[in-house]
Participant: 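This structure is in structure tokens; I'll ask about it shortly.
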Amino acid sequence: KNGANIVGETTTSLVLNNVPLADNGSTYTCQISNSCNTLLSTSATLTVVTPITITQQPASGVGCTGDPFSISIFASSSQVPSYQWWFDNGGGFVSLGAAGQNPSYSVASFGAGDVGTYRCVVSNGCQSITSASAAITAGNPIVITSPVLPSTSSLCLGLDFTSAVTITGTNPIYQWRRNNVPIVDDGRIVGTGTSSLTINNIIAGDEGTYNVLISGSCGIAQTSSGNFLDVLVPPTITVAPVPQTICTGQNVSFSVTVTGELPMTYQWQKNGVNIPIGTNATADDPTLTISGAVAGDAAIYRCIITNAC
């Protein structure tokens, strides 16, 4: 072995048991002698092949009609292995022939005839092993079948907002956006990765246009139409009427300053009773004016402000 005698091996045959990988590449010769002569045989090189290990099995997945398709296996061995892919579309496994003799099997344009189960037989000089089976189904591109509904939502502060989209396609992934900026679930906002978005207890900062970007296994990502959320703010009195003391015959005014969603309506009251417009033309204005006050005008005045909320 490698020019050194192997003790005890003096017959016409050499048998090696449990050959270690370390013997890979060793050369063996045999010296034959009698009383007349000594001959040395030609050398024989020993190649030790390690077992095949599949390091990555073929993966089940989706093939997109008309698109290139490929399925792969990864295997290791000290000797470069050979590959043979097999395919079953319901009638039993058949060899894919020369086209399936590489670690990856590919088709240029996936079609209905490529839907089925794939597996690969990997071989070296010592063994053949069969991979796990991988099921490949046909996929469809994302198609939005109905737009985001509704297209506009006018809701008062504190209410709940919901927007949804309907699609067809394989393995959709949703990303809802406000003004084209992605949003995430935070407890109050839920469903940002689904077909239906809900925002609970809306605030002024939620106002904007909502749409959803949808990607899938096939085709290009699709963007829905937008739903504009108009957050309506209820009236807030920032400056209230102030008490007034005047002399009989003088004019007096009471004013109120309000913020909130327009339009707003105003209704002044005297001692809790609406003042008719026919009695005082300013009874529906932010400022109530009483001209030439008399003793009967002494009262408590207040204003009721109303908007859509």
Side-chain angles (χ1 to χ4, degrees), residues 147-165 176-192 194 196-212 224-309:
V148 167
L149 296 174
S151 59
T152 302
S153 299
S154 295
L155 297 174
C156 294
L157 203 69
L159 295 180
D160 297 338
F161 165 74
T162 297
S163 192
V165 67
W176 282 90
R177 307 182 297 179
R178 178 175 57 242
N179 299 329
N180 290 323
V181 177
I183 55 177
V184 297
D185 287 14
D186 64 2
R188 191 177 64 87
I189 301 175
V190 293
T192 58
T194 71
S196 181
L197 172 72
T198 297
I199 303 177
N200 298 299
N201 191 25
I202 60 171
I203 60 176
D206 293 326
E207 185 166 289
T209 299
Y210 291 82
N211 63 17
V212 59
S224 73
S225 58
N227 177 354
F228 180 71
L229 171 60
D230 181 19
V231 179
L232 308 179
V233 180
T236 299
I237 296 174
T238 56
V239 179
V242 296
Q244 305 271 6
T245 300
I246 62 169
C247 299
T248 300
Q250 289 183 327
N251 298 334
V252 64
S253 294
F254 297 96
S255 295
V256 64
T257 303
V258 182
T259 62
E261 200 70 31
L262 299 175
M264 295 186 189
T265 62
Y266 298 83
Q267 177 60 63
W268 285 92
Q269 293 183 333
K270 175 183 177 182
N271 293 329
V273 178
N274 290 349
I275 300 173
I277 302 302
T279 301
N280 189 319
T282 63
D284 60 353
D285 293 336
T287 298
L288 173 69
T289 299
I290 301 173
S291 301
V294 297
D297 292 323
I300 296 175
Y301 292 86
R302 68 179 184 182
C303 187
I304 306 299
I305 304 100
T306 305
N307 69 1
C309 295

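The first residue in the sequence is number 1, and the count goes up from there.
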Participant: Donor-acceptor pair, distance only, cut-off 3.5 Å: does the side chain of Asn280 make one with the backbone of Thr282?
Facilitator: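 Yes: the side chain of Asn280 pairs with the backbone of Thr282.
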
Participant: Would you say that Leu159 contacts Asn201 through its side chain, given a criterion of any heavy-atom pair below 4.5 Å between the two side chains?
Facilitator: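 Of all side-chain heavy-atom pairs linking Asn201 with Leu159, none is under 4.5 Å.
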
Participant: Can you list everything that forms a side chain to side chain donor-acceptor pair (under 3.5 Å) with Thr194? Sequence neighbours excluded, please.
Facilitator: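 Thr194: no side chain to side chain donor-acceptor pair (under 3.5 Å) contacts found.
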
Participant: Do the side chain of Ser224 and the main chain of Val212 share a donor and acceptor less than 3.5 angstrom apart?
Facilitator: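 Indeed, once roles are kept as given, a pair shorter than 3.5 Å links the two residues.
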
Participant: Please answer whether the main-chain N or O of Ser253 pairs with a side-chain N or O of Gln244 as donor and acceptor at a distance below 3.5 Å.
Facilitator: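 Yes, the answer is positive, given that a donor and an acceptor are paired below the 3.5 Å cut-off.
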
Participant: Please walk me through it: do Ile304 and Arg302 pass side chain to side chain contact (heavy atoms under 4.5 Å, CB included)?
Facilitator: CA-CA 7 Å; Ile304 306 299; Arg302 68 179 184 182; 4.2 Å; yes

Participant: Could you walk me through whether Ile275 and Leu288 satisfy the side chain to side chain contact (heavy atoms under 4.5 Å, CB included) test, starting with their C-alpha distance in whole Å, then the side-chain angles of each, then the deciding distance to 0.1 Å, before giving a yes or no?
Facilitator: CA-CA 10 Å; Ile275 300 173; Leu288 173 69; 3.9 Å; yes

Participant: Does the Gln250 side chain pair with the main chain of Ser291, one donor and one acceptor, at a distance under 3.5 Å?
Facilitator: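 Pair absent, no side-chain N/O of Gln250 close to backbone of Ser291.
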
Participant: Carefully, step by step, assess Asp206 and Leu229 under the rule side chain to side chain contact (heavy atoms under 4.5 Å, CB included).
Facilitator: CA-CA 8 Å; Asp206 293 326; Leu229 171 60; 4.0 Å; yes

Participant: Would you please name every residue forming a side-chain contact (heavy atoms from CB on, under 4.5 Å) with Asn307, sequence neighbours left out?
Facilitator: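 Partners of Asn307 under the side-chain contact (heavy atoms from CB on, under 4.5 Å) test: Pro235, Glu261, Met264, Cys309.
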
Participant: For Ile237, which residues count as a side-chain contact (heavy atoms from CB on, under 4.5 Å) partner, sequence neighbours excluded?
Facilitator: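 Ile237 satisfies side-chain contact (heavy atoms from CB on, under 4.5 Å) with Ala240, Val256, Val258, Ile305 only.
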
Participant: Tell me every residue that passes side-chain contact (heavy atoms from CB on, under 4.5 Å) with Asp186, counting only those two or more places apart in sequence or in another chain.
Facilitator: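 With neighbours one apart ignored, the set is Arg188, Ile189.
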
Participant: Return yes if some donor-acceptor pair links the side-chain N/O of Thr198 with the main-chain N/O of Thr162 below 3.5 Å, else return no.
Facilitator: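 Not at all, since once roles are kept as given, no pair shorter than 3.5 Å links the two residues.
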
Participant: What are the two closest non-hydrogen atoms of Leu232 and Pro234, and how far apart are they?
Facilitator: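 What the structure gives for the nearest pair is O-CD, 3.9 Å.
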
Participant: Strictly distance-based, threshold 3.5 Å: is any side-chain N or O of Asn179 a donor or acceptor partner for the main-chain N or O of Thr209?
Facilitator: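 Yes, the answer is positive, given that a donor and an acceptor are paired below the 3.5 Å cut-off.
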
Participant: Scan for ring pair (Phe, Tyr, Trp, His ring centres under 6.0 Å) pairs involving residues 238-286, sequence neighbours excluded, and state none if there are none.
Facilitator: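 Of all non-adjacent pairs touching residues 238-286, those that pass ring pair (Phe, Tyr, Trp, His ring centres under 6.0 Å) are Phe254-Tyr301.
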
Participant: So how far is it from Leu157 CG to Ile202 CD1, rounded to the nearest 0.5 Å?
Facilitator: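 Between atom CG of Leu157 and atom CD1 of Ile202 there are 6.5 Å.
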
Participant: Any side-chain to backbone donor/acceptor pair from Asn274 onto Gln269? Under 3.5 Å, distance only.
Facilitator: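 Not confirmed, Asn274 side chain does not pair with Gln269 backbone.
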
Participant: Could you pull out all residues at least two apart from Asp160 that satisfy side-chain contact (heavy atoms from CB on, under 4.5 Å)?
Facilitator: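 For Asp160 the side-chain contact (heavy atoms from CB on, under 4.5 Å) partners, ignoring immediate neighbours, are Asn200.
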
Participant: Hey, would you say the Tyr210 and Phe228 ring centroids sit under 6.0 Å apart?
Facilitator: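 They do not qualify: ring centres at least 6.0 Å apart.
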
Participant: What are the two closest non-hydrogen atoms of Ala308 and Cys156, and how far apart are they?
Facilitator: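 Result for this residue pair: O-SG, 3.9 Å.
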
Participant: Keeping Glu207 on the side-chain end and Ala204 on the backbone end, is there a donor-acceptor pair under 3.5 Å?
Facilitator: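 Checking the backbone N and O of Ala204 against the side chain of Glu207, no donor-acceptor pair under 3.5 Å is found.
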
Participant: Under the side-chain hydrogen bond (donor to acceptor under 3.5 Å, both in side chains) rule, what do Asn227 and Asn211 come out as? Steps first, then yes or no, please.
Facilitator: CA-CA 6 Å; Asn227 177 354; Asn211 63 17; over 6 Å; no

